[in-house]
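Accompanying notes for the structure given below.
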Number of protein chains: 2
Amino acid sequence: MALTTKDIARLAGVSQSTVSRSLNNSPLISDETRGRVLRIAEELGFELNANARGLSTNRTNTIGVIYPDDYLDHDVSLYLGSLLTQLRKILEQWDLDLIVAFKENRKTGVDSIKRLVMRKKVDALIIVQSHTDERTLEFLKKTNIPCVLLHFYQSSKATEGIDQVYADHVAGGYLGCEHLIKLGHRRILCVSAEGEEEYEQRRCGYRAALERYGIAYDPALMLNGDRTFQSGYDLVMDHEALFDSVTAVFVHTDIMALGVMEALKARGRRIPEDIAVVGYDDVELSAYFQPHLTTVHQPREELAAVACQHLMELLSSKRTVRGEQIKIQPSLVVRQSCGAHLVSTMVHDTDL
Amino acid sequence: MALTTKDIARLAGVSQSTVSRSLNNSPLISDETRGRVLRIAEELGFELNANARGLSTNRTNTIGVIYPDDYLDHDVSLYLGSLLTQLRKILEQWDLDLIVAFKENRKTGVDSIKRLVMRKKVDALIIVQSHTDERTLEFLKKTNIPCVLLHFYQSSKATEGIDQVYADHVAGGYLGCEHLIKLGHRRILCVSAEGEEEYEQRRCGYRAALERYGIAYDPALMLNGDRTFQSGYDLVMDHEALFDSVTAVFVHTDIMALGVMEALKARGRRIPEDIAVVGYDDVELSAYFQPHLTTVHQPREELAAVACQHLMELLSSKRTVRGEQIKIQPSLVVRQSCGAHLVSTMVHDTDL
DNA sequence: TCCATATGTGCAAGCGTATGCATCACTCCC
DNA sequence: GGGAGTGATGCATACGCTTGCACATATGGA
């Protein structure tokens with residue numbers, strides 16, 4: 001049926017092991033022999049059988065990317081693109097393949113991570129954007145498979161010894177709030193979200209900035225939405241008085257921020273003249289929406305690039321120490337919604 | 001090191017083949033024996049080695065999804081989400097894994113499709129959103145691997161015998177244009193794009209609608225952009241007179257449409273009062289942008305679902321005939337930018 | 001001349017699973 | 001009671017590759 005090394009061997013007049021060594025660039029083979037073998041293999045479009053190879057070497061040349069169950073979340077899908085782009089460079093260079101899986105099989109309840117690892121389908125893992133439970137973390141440590149947690153910082157006894165690459169959401173929260181303070185705002189409403197730790201971290205940053213500039217934290221100025229456009233819209237409509245009482249809003253999700261702006265506009269408030277808005281994430285939409293949204297940029301590309309590179313170091317055994325934690329700094333993208341372009345005393349980079 | 005069927009066999013006091021048969025639900029094994037084996041395997045968290053399995057059965061339980069090289073294109077990434085979502089259901093049900101690859105390795109120039117197939121890393125393929133060259137098509141036919149082309153209709157001698165699932169872009173072009181005609185517009189500017197066949201098909205639909213309603217096609221009313229927001233913006237600025245001379249624009253990409261609208265607004269034209277705009281794609285942004293964009297909906301979910309289901313039928317040999325072509329119809333999503341809500345004579349479903 | 005060394009190549013044993021065939025223990029029936 | 005039939009299990013081989021080791025040939029030095 002399909003060609004095998006044995007076939008190539010016969011055609012090249014050498015043994016099967018010589019073919020194998022030639023195709024794997026073993027230094028044992030003479031240039032002449034290797035050349036002959038490679039030429040024949042090339043002509044016939046021969047490729048080594050990955051299963052047989054994996055069985056022999058116990059390596060699959062495949063890495064797994066694990067997504068959370070609630071994939072459809074907008075902020076999750078955001079990472080897919082950057083991650084794939086970064087991964088691609090590495091994959092191409094090292095001749096690796098990429099298996100994408102979701103954390104858990106909803107039907108059978110099977111943990112995909114364990115499944116992929118135990119079945120020896122992957123050599124390494126990138127676990128994206130989700131809280132990883134202790135049992136899984138322990139499993140990862142026990143198997144000692146090269147692995148990177150890519151997301152927010154997750155700290156517990158269980159994460160010790162697991163490599164993490166994450167954005168500094170506390171710093172992001174601080175940045176956004178500080179920017180508004182520097183523009184002269186004192187009553188800054190914070191619209192955050194529940195569920196993941198990153199939002200708690202952003203709230204921490206918000207409070208830290210207030211404290212740093214001597215503004216008392218007012219719990220009444222803290223709302224939580226569910227991260228959707230509609231949720232942002234509804235919050236404004238449900239808390240009219242509250243929104244009327246502040247001069248600025250710091251929304252912890254761009255999509256929600258767009259909803260907030262839409263509602264504010266519908267209520268006749270001008271942005272940023274009447275009320276300043278700062279978002280968080282820097283999604284594609286935020287650059288197009290009117291007014292262009294000032295927001296905290298998630299360093300997606302950098303996170304993905306660093307995670308990939310780090311993983312390759314683990315895979316190639318260049319790095320043996322485990323449990324590194326790499327923190328990436330977010331940055332502020334100043335556009336129009338914060339009103340910085342109306343204030344002459346600040347230096348900034350308005351775009352568009 | 002890792003557990004094998006032999007280990008389980010020893011522990012269960014049976015032979016290795018009995019373990020293998022038990023785990024594969026062979027009817028040859030008695031319920032009692034199978035129960036004992038499964039219990040032990042379960043307790044130890046045993047999983048069959050995928051490589052050994054693949055070597056033996058010549059099946060990998062993995063399917064490949066191939067993306068075009070220019071992945072970063074917004075319209076390409078749009079499909080990733082729906083496709084993954086649909087795929088997930090199937091993958092979970094059949095215990096399959098998913099390898100994502102790009103058409104060609106930029107560095108080595110290696111064709112990923114051939115690589116994956118020849119190395120026996122996948123059992124089936126979904127090729128997404130890209131023109132597939134003849135050599136590859138011939139290769140696919142020769143290997144006879146279950147395969148679905150998911151995108152626009154591609155017709156040539158080479159595609160005969162290859163299964164295709166695609167959206168009817170001609171119909172979509174017709175729909176968008178017809179809608180504007182029914183709203184009373186006669187001079188309808190068409191902003192299309194170059195590169196892929198789907199745009200040519202959309203232009204065909206546009207012209208067909210004009211013809212159907214007895215409007216002469218005017219080549220001067222046809223522009224091409226490069227699918228970006230900026231491109232849409234620039235076209236307006238570069239062709240002020242042209243845009244001033246029409247009452248409606250049909251833009252073949254939502255993102256470009258948003259750019260067009262932004263530019264029109266900047267030039268003081270009101271949408272839809274002064275000029276109506278209809279887009280194509282129905283991307284997430286289009287529902288949020290002001291005014292909410294009327295657009296031709298790409299049936300992404302349906303395309304993905306149909307493609308997946310079709311592939312599974314091929315894989316399970318339920319379907320033996322090859323070369324089916326399944327055409328999915330797009331639909332029109334009427335929002336605000338077309339001005340339909342201002343016209344009393346038309347029935348429509350304005351949302352928001 | 002002969003041995004030590006280096007350089008290529010071949011042999012054969014795994015890697016872990018699936019599966020055709022043989023085997024064995026029963027039951028059933030004439 | 002013996003043979004046929006049935007159901008459950010084990011034996012042994014194949015799948016295609018990698019790799020340690022043995023072997024063959026060429027090279028250099030004493």
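Order of the sequence lines sets the chain letters (A, B, ...), proteins ahead of strands, with each chain counted from 1.
Residue A/Leu23 contributes atom CG, which lies 15 Å from atom P of D/dG16 at whole-angstrom precision. Rounded to whole Å, atom C1' of D/dG16 lies 15 Å from atom NZ of B/Lys121. If you take CD1 of A/Ile29 and C1' of C/dA6, they are 15 Å apart, rounded to a whole angstrom. In this structure, A/Asn49 atom CG and D/dT18 atom P are separated by 10 Å, rounded to whole Å. Remark: P of D/dG7 and CG of B/Leu28 are 10 Å apart, rounded to the nearest angstrom. One can place CZ of B/Arg59 at 19 Å from C1' of D/dA14, the figure rounded to the nearest angstrom. What separates CZ of B/Arg34 from P of D/dA8 is a distance of 10 Å, to the nearest Å. Spacing between atom CD of A/Gln16 and atom P of C/dC15 amounts to 17 Å, rounded to whole angstrom units.
For D/dT18, one of the phosphate oxygens OP1 or OP2 lies less than 4.0 angstrom from a side-chain nitrogen or oxygen of A/Arg53. Dashed line: the shortest gap from a side-chain N or O of B/Ser20 to OP1 or OP2 of C/dT17 is not under 4.0 Å. When the side-chain nitrogen and oxygen atoms of B/Asn58 are compared with OP1 and OP2 of D/dC15, none of them lie within a distance under 4.0 Å. For the pair A/Thr18 and C/dG10, the criterion of a side-chain N or O lying under 4.0 Å from OP1 or OP2 is met. Taking 4.0 angstrom as the limit, B/Ser30 places none of its side-chain polar atoms (N or O) nearer than this to OP1 or OP2 of D/dA8.
B/Asp7 CG to B/Ile40 CD1: the interatomic distance, rounded to the nearest 0.5 Å, is 11.5 Å.
Taking every side-chain heavy atom of A/Thr57 into account, D/dT19 is the closest of C/dA18, D/dC17, D/dT19. Nearest nucleotide to the side chain of A/Ser17, out of C/dG16, C/dC11, C/dA18: C/dC11. Distance from the side chain of B/Ser56 is smallest for C/dT17 among the nucleotides D/dG16, C/dT17, D/dG10.
For A/Ser15 against C/dC11, a side-chain-to-base donor-acceptor contact under 3.5 Å is absent. Taking 3.5 Å as the limit, the base of C/dG10 and the side chain of A/Arg21 contain a donor-acceptor pair of atoms between them.
Defined by atom type and a distance below 3.5 Å, a donor-acceptor pair is missing between the side-chain atoms of B/Thr136 and B/Lys103.
Residue contacts for A/Val14: at a heavy-atom cut-off of 4.0 Å it reaches the sugar-phosphate backbone alone, with no base atom in range. B/Ser26 comes within 4.0 angstrom of no nucleic acid atom, judged by non-hydrogen atoms across all strands. A/Thr5 comes within contact range of the sugar-phosphate backbone alone, with a heavy-atom separation under 4.0 Å but no base atom that close. When heavy atoms are screened at a 4.0 angstrom cut-off, B/Asn51 is found touching no nucleic acid atom at all.
Using a 4.0 Å cut-off between a side-chain N of Lys or Arg and a carboxylate O of Asp or Glu, A/Lys142 and A/Glu138 do not qualify as a salt bridge.
Comparing B/Ala52 and B/Arg36 by the nucleotide of DNA chain D that holds the closest heavy atom to each, the one mapping nearer the 5' end is B/Arg36.
Of the possible donor and acceptor atoms, one in the side chain of A/Arg34 sits under 3.5 Å from a partner among the backbone N and O of A/Ser26.
Under the 4.5 Å side-chain criterion, counting only non-hydrogen atoms from C-beta, A/Asn61 is not in contact with A/Asp97. Between B/Leu314 and B/Glu324, the closest side-chain pair of non-hydrogen atoms is not below 4.5 Å.
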